[in-house]
Amino acid sequence: MREIFAGLPWWVKWIAVPVIALVVFGGLIASVVGFVIGLLFKVLVFVALVGGLIYVVRKFMSSSSSRSGW
C-alpha cells in the first residue's frame, strides 16, 4: 500500500483521498455523529430530570418534617 501512495503527488494523498472517503462514508459518519450527539442530549436531559426530582423530593421532605414538629 505504501508503494502505491509513494508514487502519487502530495495532493492526491492529502486532499483527493480524504475527499473521496468523505463522499463514500459521509452518510455513515453523519449518522454516527448524529446518534452520539442525540444520545448525549438524552443523557443530559435524564440527568437534569433526575436531579430536579431529587431536589423536589428533598425540599418536600424537609418542609414536611418541619411541619410535623408542631
Side-chain angles (χ1 to χ4, degrees):
M1 191 68 156
R2 287 187 180 174
E3 296 86 23
I4 295 171
F5 280 114
L8 296 175
W10 67 269
W11 60 270
V12 172
K13 290 187 268 190
W14 298 105
I15 297 174
V17 173
V19 166
I20 292 171
L22 282 176
V23 169
V24 172
F25 298 109
L28 177 66
I29 293 169
S31 64
V32 168
V33 169
F35 174 76
V36 169
I37 290 174
L39 187 65
L40 287 175
F41 178 73
K42 288 178 184 179
V43 167
L44 287 175
V45 168
F46 176 75
V47 168
L49 289 174
V50 170
L53 178 66
I54 291 171
Y55 174 78
V56 167
V57 168
R58 284 189 178 176
K59 199 75 157 171
F60 178 75
M61 295 294 283
S62 68
S63 66
S64 67
S65 67
S66 66
R67 281 193 225 145
S68 65
W70 283 73

Anything under 3.5 Å between a donor and an acceptor, one on a side chain of residues 46-54, the other on a protein residue two or more places apart or in another chain? List them.
none

Treating Ile, Leu, Val, Met, Phe, Trp and Tyr as nodes and any side-chain heavy-atom pair under 4.5 angstrom as an edge, say whether [X] and [Y] lie in one connected cluster.
X     : Y     : answer
Trp11 : Leu8  : yes
Ile20 : Ile15 : no
Val57 : Tyr55 : no

Report, one line per pair, each donor and acceptor closer than 3.5 Å where one atom sits in a side chain of residues 23-40; sequence neighbours left out.
from: Ser31; atom 1: OG; to: Gly27; atom 2: O; distance (Å): 3.2
from: Ser31; atom 1: OG; to: Leu28; atom 2: O; distance (Å): 2.8

